[in-house]
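These notes concern the structure reproduced below.
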Amino acid sequence: MGVEWTRSMAFLREAAGRLRLRREREPIETADQLAAFVSTRSAFVAQKKLYGYLKARMGTRYPSMFEDDVFIQSINVAKLHVFAACLSDLAVHTVARVGHAGSLSNEQVALLASHCFEWGIGDNEAHLPDEGMARSWRDGFAARLRDVHWENLAAGGDAFSESPKALFQWAPIAENLKRYDQEIVENSIRFAFGEVARDFRERATLGGIATDWCRSRMDAEAPAQS
């Protein structure tokens, strides 16, 4: 297995490990704290649900499969794509609620969602084996933002549409073995995000995040106007 693939998933292992060691309870009050929450929780859910599905499907063969370099590389590819899909879903879900509470415009909400998405991708871009991978994720997220209905999501619409599809599509399991698994697999990741969403509701100061975002945007634009 190439060294680049070993490095490429270090950020997911580190994020998952941090969350296992401690249960974060501090308030989420700023745009950067929101972005960090979205990134770490997306990494955690991506790894947890992918490994969980593989373990359930392979049973006793699960440990021995990690001696196969080709299989390990397939897992790493899958984790990257599932992570990006989780990042997209959680960014849209959380930001829709911040935007509604803070009376942000659709443009402001989209910019905040992009900030969260870029935080997750940018922090880990150096670990990616192919720069085109991040570019395709960014293009996909930009296209999603053009079509998103923020009011519907804020009212309870389902933002978790990309990660269930990605988990099922990219899991390195033979198609004939997983063809009956789709509903179970997709519901499992939605359930995991249900817990993340509850954590967010309990900890997030929605109006404070919106205010912090508007202030940071004003500060960023001030030099250009002077």
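Look at Arg135 and Asp139 and you find no salt bridge, because none of the NZ, NE, NH1 or NH2 atoms lies under 4.0 Å from a carboxylate O.
One N or O on the side chain of Asp89 and one on the backbone of Glu162 form a donor-acceptor pair closer than 3.5 Å. Although no hydrogens or angles enter the test, the distance criterion places a donor-acceptor pair under 3.5 Å between the side chain of Gln108 and the main chain of Ser105. Under the 3.5 Å distance criterion, the side-chain polar atoms of Ser88 are left unmatched by any main-chain donor or acceptor of Ala84. Side-chain atoms of Ser39 never come within 3.5 Å of backbone atoms of Ala36 as a donor-acceptor pair (strictly under, hydrogens ignored). Side chain of Arg215 to main chain of Ala210: no donor-acceptor pair is present (N/O by atom type, distance under 3.5 Å, no hydrogens or angles). In terms of modelled atom types and a separation under 3.5 Å, the side chain of Lys178 and the main chain of Ala171 share a donor-acceptor contact. In this structure, the side chain of Thr205 does not engage the main chain of Gly208 through any donor-acceptor pair within 3.5 Å. Although no hydrogens or angles enter the test, the distance criterion places a donor-acceptor pair under 3.5 Å between the side chain of Arg57 and the main chain of Leu177.
One distance of note links CG of Asp32 with SG of Cys116; it measures 9.0 Å at 0.5 Å rounding. With rounding to the nearest 0.5 Å, the separation of CG in Asp181 from CD in Glu175 is 10.5 Å. Within the model, atoms OG of Ser188 and CD1 of Ile184 stand 9.0 Å from one another, a figure rounded to the nearest 0.5 Å. We find the CZ-NZ distance between Phe44 and Lys49 to be 9.5 Å, quoted to the nearest 0.5 Å. A distance of 6.0 Å separates CH2 in Trp137 from NE2 in His81, rounded to the nearest 0.5 Å. The OG atom of Ser163 lies 7.5 Å from the CZ atom of Arg190; values are rounded to the nearest 0.5 Å.
The two residues Arg25 and Glu202 have their closest heavy-atom pair at NH2-OE1, 3.1 Å. The two residues Val82 and Ile189 have their closest heavy-atom pair at CG1-CD1, 4.4 Å. Between Ala85 and Ala166, the shortest heavy-atom contact is CB-CB, 3.5 Å. Minimum interatomic distance between Leu50 and Pro172 (heavy atoms only, all atoms of both residues): CD1-CD, 4.3 Å.
For the residue pair Glu29 and Gln33, no side-chain donor N or O sits within less than 3.5 Å of a side-chain acceptor on the partner. Under 3.5 Å, the side chains of Lys79 and Tyr51 contain a donor-acceptor pair of N or O atoms.
Cluster membership for Val95 and Leu104, using ILVMFWY side-chain heavy atoms within less than 4.5 angstrom, is shared. Residues Trp119 and Met133 are members of separate hydrophobic clusters, defined by side-chain heavy-atom contacts under 4.5 angstrom among Ile, Leu, Val, Met, Phe, Trp and Tyr.
Looking at Leu80 and Asn76, their side chains never come closer than 4.5 Å, going by heavy atoms from C-beta outward. No side-chain heavy atom of Leu153 sits less than 4.5 Å from a side-chain heavy atom of His100.
Put simply, the residue from Trp150, Phe160, Phe37 that forms a ring pair (Phe, Tyr, Trp, His ring centres under 6.0 Å) with His93 is Phe160.
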